[in-house]
Structures are given as C-alpha cells and as structure tokens.
Participant: 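Take a look at the following structure, please.
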2 protein chains.
Amino acid sequence: MSTLTLLPVIQAAACCAPLTRDPLSQSQADDLAKSLKAIADPARLRLISIIAASEGQEACVCDLTEPLDIGQPTVSHHLKVLTDAGFLSRSKRGTWAYYKLVPGALDSLSRLLVTT
Amino acid sequence: MSTLTLLPVIQAAACCAPLTRDPLSQSQADDLAKSLKAIADPARLRLISIIAASEGQEACVCDLTEPLDIGQPTVSHHLKVLTDAGFLSRSKRGTWAYYKLVPGALDSLSRLLVTT
DNA sequence: CCTAAATATCGATGAGTGTCAATATCGATG
DNA sequence: CATCGATATTGACACTCATCGATATTTAGG
C-alpha cells in the first residue's frame with residue numbers, strides 16, 4: 001500500500017474547484033471530459049442505476065445482462081469502462097463477478113458541475 | 001406562451017429522480033446521456049468555464065476563440081451544441097454574438113448525479 | 001450599395017466508439 | 001483432468017463526432 005493510484009474520477013475532482021469557478025486548463029478539461037464521457041452513454045447510465053438500486057449498491061453481471069437489450073460482451077465492455085473510470089469496483093466471488101458503486105465517485109463529479 | 005418547449009437539460013432533469021434512486025428507463029437514459037454528452041468534451045468544458053467566469057456569466061464569441069487552440073468554426077460549432085443542449089443561451093448585439101450560461105442548467109444536471 | 005468584420009454553415013476527413021460474433025479465460029464440479 | 005457455465009477479450013464494422021478549410025450570412029460604416 002505504498003503507492004496509491006488515484007481513481008480517475010477522484011483525480012478529476014482533486015482540483016476541487018467547480019467547473020464554473022475559474023477557467024479550466026487544458027489538462028483539467030481533459031480529465032473532467034474523460035470522466036463525463038464514461039457515464040455519457042445510455043447503457044452505462046442504466047447499468048449504474050441498476051447497480052445503485054441493488055442491495056449494497058452491488059450487482060452480479062448475470063443480473064445486468066437481461067435488463068438491457070445488449071449482448072453479454074457489450075455489457076462486460078461497459079462495466080470495464082465504468083470501472084476504469086473509477087465509478088465501479090469489481091470483485092469476483094466464485095464464477096460470478098460483482099460490480100459495486102464506488103462510494104462518493106458520482107458525488108465528486110456532481111460537485112464539479114454545481115455553480116453555487 | 002401557449003406552447004413551451006422545455007430545454008433538453010431541463011427535460012432530462014424533469015423526472016427529478018436522481019440517477020441512483022431507481023433503474024432508468026431506456027428513454028430516461030437516452031435523455032440524460034444526451035445532456036452529458038453535450039458537456040463531455042474538453043473544448044466545451046473550457047468554453048463553459050470561461051463563460052461562467054465572465055461578467056454576468058456571459059461572453060462574446062470574439063473572446064472565446066483565442067483562449068482555446070481551435071479554429072473559429074469549431075468554436076461556433078461547440079457553442080451551438082451547448083446551446084441546443086440547453087446549457088447556453090445566445091443573444092446577438094450588433095455584429096457580436098454573446099453566449100450566456102442558462103441559470104440552473106448545470107445544477108439540474110448535477111442534482112441528477114448525486115447519490116445522497 | 002459596397003466593403004469589412006464577426007459569426008454561422010457546409011463538406012470532407014480522420015479519430016474515436018458502441019455493438020456484435022467468435023473465442024479465450026477462469027472457476028466450480030464431477 | 002474434462003466439462004460446463006460465467007465472464008472477459010479480440011477483431012471487425014458501422015456510425016458518430018471533433019476539427020478544418022472554404023464559403024455563406026449578417027451587421028455596421030462609409
């Protein structure tokens with residue numbers, strides 16, 4: 001635990017200054033855009049909302065494939081995008097993979113957009 | 001004032017239920033994704049932040065072309081995307097076009113992402 | 001009117017991406 | 001170890017989109 005790699009969402013929020021406080025630098029804008037792109041997709045938003053509504057804000061992939069009208073590889077792809085962006089964490093138990101909301105990740109992003 | 005066309009951002013926020021309250025329907029996810037895609041771009045984020053930091057949260061296009069390293073047609077394109085999405089409003093005074101933050105638009109979006 | 005300046009639109013191009021079918025990997029179980 | 005079910009990866013394809021150069025549109029001034 002010597003090195004700690006910050007999750008992208010957290011990193012984007014690290015500057016902590018809301019979008020509307022000061023002009024964004026190019027790299028700040030790049031980071032924030034990357035986080036926003038990760039959730040700016042209907043399938044990924046539905047995945048997040050389903051996971052968030054599940055017990056412990058955690059859901060098995062097997063429960064995520066049916067509700068959406070997309071194939072299993074595509075669901076797996078979207079879950080990877082959300083995980084790489086820091087919105088979800090993955091834990092495998094037996095054959096099943098469980099994805100969980102990273103506490104505070106969405107809220108960090110939310111705070112960056114607020115103007116007040 | 002018989003017919004009122006809601007701005008896309010406001011429309012996406014109309015359901016008022018945060019992303020993490022209940023599973024999103026396909027159309028709800030489409031609307032929200034559309035709003036998020038509008039701001040999920042580095043150049044557009046910088047435009048928003050510059051406009052927000054300007055007096056009256058309003059800026060002339062002539063002041064937006066230089067700070068970003070992109071051409072004038074591209075700036076115009078991004079401003080149109082943000083305007084169509086409901087984040088900016090446009091008013092022309094003389095030869096100049098001024099873009100202004102739509103009050104509450106970013107906040108509506110921000111509220112949709114919050115988990116608490 | 002004619003010109004010049006500011007902004008918008010158009011057409012093209014190259015990069016990025018959501019989706020799928022096929023296949024690989026991983027873990028449990030017999 | 002062989003098999004099977006669950007999930008991930010790969011490769012390909014269609015589609016979207018950010019950007020640019022060129023051009024059109026609009027407005028002010030002479």
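Note that the structure is predicted; figures quoted are calculated from it, not measured. Every chain is numbered from 1 and lettered A, B, ... according to where its sequence line falls, protein lines coming before strand lines.
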Participant: Enter the distance from B/Ile70:CD1 to B/Arg46:CZ here, rounded to the nearest 0.5 Å.
Facilitator: 9.0 Å
Participant: For the side chain of B/His77, counting heavy atoms from C-beta on, which of D/dT7, D/dT19, C/dT19 is nearest?
Facilitator: D/dT19
Participant: Quiz question: by atom type and distance under 3.5 Å, do the side chains of A/Ser110 and B/Ser110 form a donor-acceptor pair?
Facilitator: yes
Participant: So, taking the atom named CG in B/Asp41 and the one named NZ in A/Lys37, what distance separates them when rounded to the nearest 0.5 Å?
Facilitator: 5.5 Å
Participant: For residues 48-68 of chain B, which residues have at least one heavy atom under 4.0 Å from DNA chain C?
Facilitator: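 Within residues 48-68 of chain B, the residues near DNA chain C are B/Cys60, B/Val61, B/Cys62.
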Participant: Work out which heavy atom in A/Ala38 is nearest to a heavy atom in A/Leu82; give both atom names and the distance.
Facilitator: O-CD2, 3.5 Å
Participant: How close do B/Leu101 and B/Ala52 get, counting heavy atoms only, and between which atoms?
Facilitator: CD1-CB, 3.6 Å
Participant: To check you understand the geometry: which heavy-atom pair defines the closest contact between B/Leu106 and A/Leu113, and what is its length?
Facilitator: CB-O, 3.5 Å
Participant: What is the separation between atom CG on B/Leu79 and atom C1' on D/dT19, rounded to the nearest whole Å?
Facilitator: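 These atoms are roughly 15 Å apart.
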Participant: Should A/Lys80 and A/Asp84 count as an ion pair when the cut-off is N to O under 4.0 Å?
Facilitator: yes
Participant: Output the pairing pattern of DNA chain C as a dot-bracket string, 5' first, Watson-Crick or G-U wobble with both distances under 3.5 Å, | for cross-strand pairs, [ ] for crossing pairs.
Facilitator: ||||||||||||||||||||||||||||||
Participant: At their closest point, which heavy atom of B/Ser49 faces which heavy atom of A/Leu19, and how far apart are they?
Facilitator: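 So the two residues come closest at CB-O, 3.2 Å.
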Participant: Take atom NZ of B/Lys37 and atom C1' of D/dA18, then tell me their distance rounded to the nearest Å.
Facilitator: 13 Å
Participant: Expressed in angstrom and rounded to an integer, what is the separation of B/Lys80 atom NZ from D/dC17 atom C1'?
Facilitator: 15 Å
Participant: Check the interface with nucleotides 20-28 of chain C: list each N/O to N/O pair with the protein under 3.5 Å, or write none.
Facilitator:
{"residue": "C/dC20", "atom": "OP2", "partner": "A/Gly71", "partner atom": "N", "Å": "2.8"}
{"residue": "C/dC20", "atom": "OP2", "partner": "A/Thr74", "partner atom": "OG1", "Å": "3.1"}

Participant: Using whole Å, report how far CG of A/Asp84 lies from P of C/dG16.
Facilitator: 17 Å
Participant: Should B/Glu58 and B/Arg93 count as an ion pair when the cut-off is N to O under 4.0 Å?
Facilitator: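 Here B/Glu58 pairs with B/Arg93 in a salt bridge, since their nearest N and O are under 4.0 Å apart.
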Participant: Figure out the CZ/C1' separation between A/Arg90 and D/dA6, and round it to whole Å.
Facilitator: 11 Å
Participant: Look at all strands and tell whether A/Tyr99 reaches a base, only sugar-phosphate, or nothing, counting heavy atoms closer than 4.0 Å.
Facilitator: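 Touches sugar-phosphate only.
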Participant: Quick one: closest heavy-atom pair of B/Gln26 and A/Pro42, and the distance?
Facilitator: NE2-CB, 4.0 Å
Participant: Rounded off to whole Å, could you give me the CG-to-P distance for the A/Asp41 and D/dC15 pair?
Facilitator: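 These atoms are roughly 17 Å apart.
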Participant: To check you understand the geometry: which heavy-atom pair defines the closest contact between A/Leu109 and A/Ile39, and what is its length?
Facilitator: CD2-CD1, 3.6 Å
Participant: At 4.0 Å (heavy atoms only), tell me whether B/His78 reaches a base, stays on the sugar-phosphate, or touches nothing.
Facilitator: sugar-phosphate
